[in-house]
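First the structure, in the form of structure tokens, and then the observations on it.
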Number of protein chains: 2
Amino acid sequence: MRILIVEDDREVAGNIGKMLRESGHVVDMAHDGEDGLAMARDGAFDVLIVDRMMPRRDGLSMVSILREEGDKTPVLVLSALGEVDDRVAGLTAGGDDYLVKPYAPSELKARVDALARRRDPEALKTRLSVGDLEMDLLARTVVRGEEAIQLQPREFRLLEFLMRHAGQVVTRTMLLEKVWDYHFDPQTNVIDVHISRLRSKIDKPFETSMLHTVRGAGYRLSD
Amino acid sequence: MRILIVEDDREVAGNIGKMLRESGHVVDMAHDGEDGLAMARDGAFDVLIVDRMMPRRDGLSMVSILREEGDKTPVLVLSALGEVDDRVAGLTAGGDDYLVKPYAPSELKARVDALARRRDPEALKTRLSVGDLEMDLLARTVVRGEEAIQLQPREFRLLEFLMRHAGQVVTRTMLLEKVWDYHFDPQTNVIDVHISRLRSKIDKPFETSMLHTVRGAGYRLSD
DNA sequence: AGTGAGTCATGCGTATTCTGATCGTGGAAG
DNA sequence: CTTCCACGATCAGAATACGCATGACTCACT
């Protein structure tokens with residue numbers, strides 16, 4: 001689940017981001033309305049979290065513009081303004097939900113999940129399986145056949161992404177963005193290294209390999 | 001799912017009721033605080049939706065009374081008053097959630113679902129056990145194997161939360177919110193310290209450890 | 001004032017990740 | 001069929017981030 005936080009207060013943005021990352025989402029941030037608008041336009045996010053009052057462009061006008069452009073990404077509007085009129089304004093500008101500060105982190109999380117579910121019911125499942133490989137997102141455990149497999153955090157994210165796209169070729173660029181949060185090419189072989197380590201855990205000890213290299217394109221997980 | 005709506009405005013009550021019935025719930029109604037109280041007492045409802053301002057008895061005092069009588073049915077408070085203090089009042093009276101009018105029907109539905117989900121049979125149990133570790137919530141005692149273990153209040157809450165989520169990874173954010181009631185990141189290592197103390201009591205003196213660190217994610221209690 | 005619980009700050013040790021170099025291998029061209 | 005090249009795999013060491021323990025401090029309650 002890719003989430004964009006548009007919030008000028010960096011501390012608040014950081015807190016929200018941290019929490020959402022803990023629940024397994026990939027989080028990007030913008031710190032004013034113009035940047036947010038630009039990122040939302042080409043970002044392909046699943047949910048936007050947008051503050052109302054921000055420098056350069058306020059949150060509501062940003063949302064209005066996106067909607068005029070036909071963008072239907074669910075938006076959660078954050079605001080200190082909780083009056084009826086304010087809430088109505090937030091919703092008519094095209095927001096899907098409106099949360100008044102201060103709010104409980106769990107409330108925010110619940111709303112984001114609700115919005116995300118509306119868009120893609122699959123995305124919130126807590127168990128993934130491909131062939132005899134199973135992953136439990138809540139317990140953070142991985143099992144292949146009868147064997148429990150111990151994974152590092154990054155390996156876990158990597159495998160999760162591969163499993164969510166099982167059977168498809170996953171490019172390096174996709175991995176860099178969704179697993180590493182890099183939006184540029186780090187010119188190193190980080191990916192190769194982690195793929196290698198993942199293989200040594202999920203493929204090496206077993207009869208058949210599931211993680212295949214597709215030369216010139218990327219990798220594919222399948223049984 | 002049985003739901004009781006306590007709301008004096010019959011039109012509003014009707015609308016809410018209609019919507020909830022459409023989502024497959026069984027809905028009862030009361031139109032003032034006294035009737036609502038009576039029905040809630042013997043009704044065995046799964047969720048109560050209660051308006052604040054009503055004839056004969058206001059919603060908050062109705063909830064307070066139910067709570068004093070030991071009734072733990074989840075309550076969603078509806079109100080036109082949306083100031084922070086009003087929300088706080090609603091929650092301290094024993095409400096589980098607070099929704100300010102006007103609200104989107106879908107928002108109401110989402111909240112009701114959330115409350116219903118929260119009400120799990122686990123919450124009413126007075127004994128928890130994981131492996132050879134047992135906790136008695138009423139007596140406030142903890143035993144591992146044959147050994148009685150003395151815990152501080154905060155340690156007790158921490159362990160309780162971990163036991164209720166045994167086998168799952170519990171994030172720091174979850175702990176801050178549910179055990180400390182912090183709704184922000186205090187930027188300190190309070191959690192680490194208490195986990196450390198808890199370990200010295202429930203793990204150190206024994207052969208096997210139950211409280212595992214999941215780097216980058218949180219902690220998991222399991223045997 | 002004294003006690004005890006809870007919180008905060010620091011420094012340490014180590015797990016995890018990244019880097020850069022080297023080695024291996026598939027596929028196209030000759 | 002062989003050779004060469006580019007891409008990917010692997011390895012080991014370095015850098016980093018993370019979690020842990022300890023002791024000092026604050027606050028509330030006696």
Side-chain angles (χ1 to χ4, degrees), chain A residues 14-15 17-19 21-22 26 140 142 149-162 169-205 209-221, chain B residues 140 142 149-162 169-205 209-221:
Chain A
N15 286 336
K18 190 176 167 199
M19 182 191 54
R21 286 204 185 90
E22 281 177 354
V26 175
R140 296 229 165 201
V142 176
I149 297 174
Q150 209 63 28
L151 293 184
Q152 307 297 346
R154 174 103 332 141
E155 293 163 1
F156 192 90
R157 282 182 73 179
L158 177 57
L159 181 58
E160 179 186 346
F161 187 79
L162 288 166
V169 172
V170 167
T171 68
R172 282 153 186 280
T173 314
M174 287 164 71
L175 292 175
L176 282 176
E177 286 213 2
K178 314 269 181 168
V179 179
W180 271 265
D181 295 339
Y182 287 179
H183 297 293
F184 52 92
D185 187 343
Q187 310 282 1
T188 73
N189 64 347
V190 236
I191 293 182
D192 304 59
V193 172
H194 282 266
I195 289 282
S196 168
R197 300 233 292 237
L198 193 53
R199 277 200 173 118
S200 72
K201 292 183 179 179
I202 67 164
D203 273 350
K204 268 253 188 70
S209 293
M210 301 184 66
L211 185 43
H212 310 285
T213 303
V214 183
R215 277 213 149 217
Y219 299 91
R220 180 180 51 226
L221 185 75
Chain B
R140 295 240 134 198
V142 176
I149 297 174
Q150 208 62 28
L151 293 185
Q152 303 302 335
R154 177 81 11 126
E155 293 163 1
F156 192 90
R157 284 181 72 180
L158 177 57
L159 182 58
E160 178 186 345
F161 188 78
L162 287 166
V169 171
V170 168
T171 68
R172 282 153 188 279
T173 312
M174 287 163 73
L175 291 176
L176 281 176
E177 197 177 326
K178 307 288 179 178
V179 178
W180 273 265
D181 293 335
Y182 285 1
H183 299 296
F184 53 91
D185 186 344
Q187 311 279 6
T188 73
N189 64 347
V190 231
I191 293 183
D192 304 53
V193 172
H194 282 266
I195 289 281
S196 167
R197 296 230 275 249
L198 191 55
R199 276 202 176 117
S200 71
K201 293 184 179 179
I202 67 165
D203 272 350
K204 270 252 188 70
S209 293
M210 301 185 66
L211 185 43
H212 309 283
T213 302
V214 183
R215 277 210 151 219
Y219 298 92
R220 180 177 49 224
L221 185 76

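Just so we're on the same page: letters track the sequence lines, and every chain starts at 1.
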Once rounded to the nearest 0.5 Å, what's the spacing between atom [atom1] of [X] and atom [atom2] of [Y]?
X	Y	atom1	atom2	value
B:Gln152	B:His194	CD	NE2	9.0 Å
A:Thr188	A:Tyr182	OG1	OH	7.0 Å
B:Leu162	B:Met174	CG	CE	9.5 Å
A:Met19	B:Asp185	CE	CG	11.0 Å
A:Ile191	A:Leu176	CD1	CG	3.5 Å

Side chain to side chain contact (heavy atoms under 4.5 Å, CB included), paired with B:Ile149, selected from B:Ile202, B:Leu198, B:Leu159
B:Ile202
Are any of B:Trp180's side-chain N or O atoms less than 4.0 Å away from OP1 or OP2 of C:dT7?
yes
Check whether any side-chain N or O of B:Gln152 sits under 4.0 Å from OP1 or OP2 of C:dG6, and answer yes or no.
yes
Could you tell me how far apart [X] ([atom1]) and [N] ([atom2]) are, to the nearest whole angstrom?
X	N	atom1	atom2	result
A:Leu158	C:dT16	CG	P	16 Å
A:Arg199	C:dT25	CZ	P	13 Å
A:Glu155	C:dC18	CD	P	11 Å

Need to verify one output field. Residue with the more 5' nearest nucleotide on DNA chain C, B:Pro153 or A:Leu151?
B:Pro153
Please give me every residue in residues 212-221 of chain A whose heavy atoms get under 4.0 Å of an atom in DNA chain D, ordered by residue number.
A:Thr213, A:Arg215, A:Gly216, A:Tyr219
So if I take residues 186-197 of chain A and measure heavy-atom distances to DNA chain D, which residues fall below 4.0 Å?
A:Asn189, A:Asp192, A:Val193, A:Ser196
Reading DNA chain D in the 5' to 3' direction, which nucleotide is the first one with an atom under 4.0 Å from a heavy atom of chain A, and which is the last?
D:dC7 to D:dC11
With the side chain counted from C-beta on, respond yes when [X] and [Y] share a heavy-atom pair under 4.5 Å apart, and no when they do not.
X	Y	value
B:Arg154	B:Trp180	yes
A:Lys204	A:Arg199	no
A:Asp192	A:Tyr219	yes

Shortest non-hydrogen contact from A:Ser200 toward A:Pro205:
O-CD, 3.5 Å
With sequence neighbours excluded, tell me which residues meet side-chain hydrogen bond (donor to acceptor under 3.5 Å, both in side chains) with B:Asn189.
none
Taking only residues two or more places apart in sequence or in another chain, which ones pass side-chain hydrogen bond (donor to acceptor under 3.5 Å, both in side chains) with A:Lys201?
A:Glu155
Whether B:Arg157 side chain and B:Val179 backbone form a donor-acceptor pair below 3.5 Å
yes
What does the inter-axis angle of the helix from C:dA1-D:dT30 to C:dG30-D:dC1 come out as, five pairs per end, nearest 10 degrees?
30°
